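All values reported here derive from a predicted model rather than from experimental measurement. In what follows, every heavy atom counts, from backbone to side chain, and hydrogens, waters and symmetry copies are set aside. In listed order, ligands and their atoms are each counted from 1.
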Amino acid sequence: MASPVPAVGDVLEEARRLYRQTFGSCPQVEVCAPGRVNLIGEHTDYNDGFVLPMALALVTVVVGSPDPGRAVTIVTANQDVEEPRRVEFNLPSDGSPLSPGKPGWANYVKGVVQHYRAPPVPGFKAVIASSVPLGGGLSSSASLEVAVYTFLQQLHPDDGDAVAKAVACQQAEHTHAGVPCGIMDQLVSVLGQEAHALLIDCRSMEVTPIPLSDPSVVILITNSNVKHSLTGSEYPARRKQCMEAASVLGRQSLRDAALEDLEDARSRMDEVTYRRARHVIQEIQRTVRGSEFLKKGFYEEFGKLMVESHNSLRDLYEVSCGELDQLVSAALEVDGVFGSRMTGGGFGGCTVTLLQAHAVDKAVLHIQERYSGTATFYVTTPSEGARLLSR
Ligand code: ADP
């Protein structure tokens, strides 16, 4: 059966409890930011393309209080991170940068402090708790960054510019976690809307809400619970290949290239670069078409694009893996399934499946039966972006 998504209130209670236990008082500020699932538009964000994600009911909660002076203490409730789970550091008083270090998870917090748009950040103590699985491709990292930023906004407000907030969190991931990610994850974590997916133009940062609240359809996330170690090196390699392809085509990014341009230039690039570019150009088109289908409730058509997207990620972009392919094939064998694909960066993590609501239990059983590993399932609905949690 699909795991029930833990209520935000339960995650908040966990954070409050740990805060009281650690600091002996109640936190003054409580915020959360969601993880996300991308319905279509994979590896297009860093090519200035379109993506179609939605925010999840899975969230990272940050609770805390300002602390006089320059000291920061952060504690994570998550058992799956590198030790220690309590970290203390001082905010530099002379404006010098806050360097990344060990443990790795604290770098997401340090990065956000570093890039916060209304310095100086005051000292604080905080506890992090999360229902987003770590490293599962549902953006626990972006939800942590955005939750920390939202927390800082309560301590020392910035101008409230939502896109600039997402960009600052993306910068944090670049400089402090060493991941050259696109803007999708942070944007959807900031701007997510209940009952809507978001069509995001990653060039203009324009966000168009796409209604998605038909009770007869369901979005099923299946976590393969595997993560192959390739992820770290392959992601920057793909980014580089896309830039190379754009430069051969004389374009600023692959967003500006048509398939005909690519075919004309095929002899001027190696086969691998050609395949990467072909995925990106077609995936951008699929995403725009897909958002139209979804808006009209054309789920069959949307589902076909999801399958095309998966096949392209497997064959052209080469970021899938045996486990994800198995999960997608198994889902597609079930009556009532419109489409299924890997979602997120790849090499493990999750698949996303669009299906008729009545087919969920059957789909979960069938996928589990066919999968060689142990999967975790979540039935999700599009949820709100980062927010203050009232006490
Ligand atoms: P994901 O797809 O979940 O974003 P990443 O590998 O990009 O996967 O990021 C996961 C990392 O983010 C974790 O290894 C950890 O360093 C950090 N992180 C995410 N959530 C938390 C949390 N609740 N507490 C501490 N660190 C976290």
Minimum-distance protein heavy atom relative to [atom]:
atom                    : result
atom 15 (C) of ligand 1 : W105 CB, 3.8 Å
atom 13 (C) of ligand 1 : L134 CD2, 3.9 Å
atom 11 (C) of ligand 1 : Y108 OH, 3.8 Å
atom 24 (N) of ligand 1 : T76 OG1, 2.8 Å
atom 8 (O) of ligand 1  : G135 CA, 3.1 Å

Does [X] reach ligand 1 with a nitrogen or oxygen that is under 3.5 Å from one of the ligand's nitrogen or oxygen atoms?
X    : value
S141 : yes
E173 : no
G137 : yes
G104 : no
S140 : yes

Pick one of side chain, backbone, both or neither for how [X] approaches ligand 1, counting any non-hydrogen atom pair under 4.0 Å.
X    : value
L138 : backbone
K227 : side chain
P133 : backbone

Going by the order shown, which atoms of ligand 1 are within less than 4.0 Å of some heavy atom of [X]?
X    : value
G136 : 3 (O)
V81  : 25 (C), 26 (N)
L144 : 18 (N), 21 (C), 26 (N), 27 (C)
S130 : 23 (N)

Heavy-atom closest pair, residues A375 and N225: C-ND2, 3.7 Å

Among side-chain atoms of [X] and [Y], is any donor-acceptor pair under 3.5 angstrom?
X    : Y    : value
K165 : T150 : yes
S320 : D325 : yes
Y378 : N223 : no

Side-chain touch D335/K362, heavy atoms, less than 4.5 angstrom: yes

Side-chain touch C181/Q170, heavy atoms, less than 4.5 angstrom: yes

Criterion side-chain contact (heavy atoms from CB on, under 4.5 Å) against L56, the qualifying member of I221, V5, V188, V132: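 When I221, V5, V188, V132 are each tested with L56, the side-chain contact (heavy atoms from CB on, under 4.5 Å) holds only for I221.
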
Qualifying residue, where the test is side-chain contact (heavy atoms from CB on, under 4.5 Å) with L39 and the options are L354, T343, L294: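 Exactly one pass, corresponding to L294.
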
Within-shell test, G344 vs ligand 1, heavy atom, strictly < 4.0 Å: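 In this structure, G344 fails to qualify as a contact of ligand 1 - no heavy atom is under 4.0 Å.
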
Close approach, T60 and ligand 1, non-hydrogen under 4.0 angstrom: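 No, T60 has no heavy atoms under 4.0 Å from ligand 1.
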
Donor-acceptor contact below 3.5 Å, side chain R16 vs main chain C26: no

R276 side chain to L316 backbone, donor-acceptor under 3.5 Å: yes

Over 12 foreign heavy atoms within 6.0 Å of CE, M205: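 Enclosed: over 12 neighbouring heavy atoms sit under 6.0 Å from CE of M205.
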
CG/D264: more than 12 non-hydrogen atoms of other groups inside 6.0 Å: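 Yes, the 6.0 Å shell around CG holds more than 12 heavy atoms from other groups.
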
